[in-house]
Amino acid sequence: MASTQTNGVNGNHKGHCIQAVLHDIDSLNGKPFANEGERSKALLAAYALVARLETPWEFVARFCMGQPALASALKVCKDLQLFDKWHEHYGDGELSSDKLAEIVGCDPALLVRLLRHLAASHLLLESSIGTYKPTKFSLAFLQPVFGEWINHLYDATLPLALTTPSYLQKTYYTTPLDPRNGIFQAAKSCPGSDAFDYFASHPREGESFNYVMGGVMAHQTSWLDIYPSQTLLEDTANSVVAQKVVNENGRVEDVVNGEEEKAVLVDVGGNVGHDMQRFYNAHPEAARRCYLQDRPEVVKLSQVPDPVRKMGYDFFTPQPVQGAKAYYMHGVLHDWPDASALRILENQKSAMTPGYSRLLIHDHVVGRALDQPHATAYDLTMMGMVAGKERTEGDWQDLVGRAGMRVERVWRSEGAVQGIFWRLLLSGCRRGEGEEERGGNM
Ligand SMILES: C[S@@+](CC[C@H](N)C(=O)[O-])C[C@H]1O[C@@H](n2cnc3c(N)ncnc32)[C@H](O)[C@@H]1O
């Protein structure tokens, strides 16, 4: 940013100065940064700048009125299919609020009040009074992986936020640790079911949730940019290993191993295959030795090409694919409190070949102070949804150690869109008896 020490010609130093600052701020956009890490740092600095500029009144007006009003305006527009119909009939062109009201069948006097708040919140651009243009945000809502967040906000995030204070008061401010009896169950009146059971029995909400998972992934650094995935293909051929697999209905099928090839990659809790699709794109030749596992009702929705084997599998039971090169879990363990996470890890360990198999954990690792807003938001959201949490590096070492494994190496990516807090891939490897500790050059 240019210096604000301008020369104060005609005694107008302060006015000139603020003009220069405003000019510099206006000229900043997503482009001038060398990489994602730098852009993220600038964004955090901008949030901090807002906090310095805002008065307490402006903060409460924005936070206690502006944001709830934005949520409801967005949800009404989503229900009216405003973004989709606009795009379908007029592409990315600007339209008057009256025309938009006609397209979606809404009282024009009502719609313009909603649109004004979306424009004031930078979700639309008011190019002239009463005329609106889409922005990158409203255009993103055309993709279900973003647009479905608006439904998920009303399905889960807001009900959880409403319930959390009274729930914590009733439980004497103790940390929720039971994924089947916590804030989610109080908010959604479903005692005894975890959030994933709930989404299975509420398919419309479940579908939104799966899209939300896709949105979490859509603009993050791919795991293949963090981890050298070609190493998974080394030394995996021409070996015999017994494998039983479970089909998508959860039934065990016979050994699938006539080709004497070991499984390369097992994506455990892989949802509909966001990460598996990336691996498939990079290594299609390994597809038939790859396994996408999730709950049966989730994995059967997968569009990942067929050579990849799709399996219904409950990760609270022993892993049926034995001796694979890698068992990969992305965003799985942060869904669970330590006791449950430990069971999941032990179930994977039971299938691992000592000194050969590796466990790849792809998750957040937060700093002690949890001072990144994405990390703090994730942490509290996980607490509400699933009694889960984000973990520090020490927490991860401890958890993996309690499962009888050790962290061999951590791959990090500062450039992750999620922010400055690290995303990590931990490699855990079970040691066989008498096996030496390895240097971790995996
Ligand atoms: C937060 S999502 C992460 C999904 C995926 N790895 C990704 O990054 O997109 C957690 C996944 O765990 C799955 N899951 C929950 N309980 C499970 C269980 N008992 N066995 C297997 N998968 C389960 C969910 O269906 C969901 O797809």
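One-based numbering, in listed order, for ligands and for the atoms of each. Quick note: residue numbers are just sequence positions, from 1.
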Distance under 4.0 Å to a non-hydrogen atom of [X]: what atoms of ligand 1 satisfy this?
| X | result |
| --- | --- |
| H274 | 9 (O) |
| N271 | 4 (C), 5 (C), 26 (C), 27 (O) |
| Y313 | 20 (N), 21 (C) |
| M213 | 1 (C), 2 (S), 3 (C) |
| F316 | 19 (N) |
| G269 | 3 (C), 4 (C), 5 (C), 6 (N), 11 (C) |
| V298 | 25 (O) |

Charged N to carboxylate O below 4.0 Å: is that the case for D197 and R295?
-> yes

Starting from the C-alpha separation in whole Å, work towards a yes-or-no answer on salt bridge (Lys or Arg N to Asp or Glu O under 4.0 Å) for K389 and D338.
-> CA-CA 9 Å; K389 64 176 182 181; D338 285 355; 3.6 Å; yes

Report the C-alpha separation of N151 and E148 in whole Å, then their side-chain angles, then the decisive distance to 0.1 Å, and conclude whether the side-chain hydrogen bond (donor to acceptor under 3.5 Å, both in side chains) test is met.
-> CA-CA 5 Å; N151 287 332; E148 283 303 316; 3.0 Å; yes

If hydrogens are left out, which of V212, D294, V268 has an atom nearest to atom 25 (O) of ligand 1, that is, the closest non-hydrogen atom?
-> D294

Judged by heavy atoms only, the candidate from F315, W336, F196 nearest atom 17 (C) of ligand 1 is F315

Answer with side chain, backbone, both or neither: which part of [X] has a heavy atom less than 4.0 angstrom from an atom of ligand 1?
| X | answer |
| --- | --- |
| D314 | both |
| D335 | side chain |
| R295 | both |

Can you sort out the partners of F279 under ring-ring contact (aromatic ring centres under 6.0 Å, His included), two or more places apart, ordered by chain and number?
-> W223, H283

Give a yes or no on whether F137 atom CZ has more than 12 heavy-atom contacts from other residues, nucleotides or ligands under 6.0 Å away.
-> no

Report the relative orientation of the aromatic rings in [X] and [Y]; use parallel for angles under 30°, tilted for 30 to 60°, perpendicular for over 60°.
| X | Y | answer |
| --- | --- | --- |
| W411 | Y227 | perpendicular |
| H364 | Y378 | perpendicular |
| W336 | F315 | perpendicular |

Between T163 and P159, what is the shortest heavy-atom contact and its length?
-> OG1-O, 2.7 Å

Quick check: does H330 get an N/O under 3.5 Å from an N/O on ligand 1?
-> yes

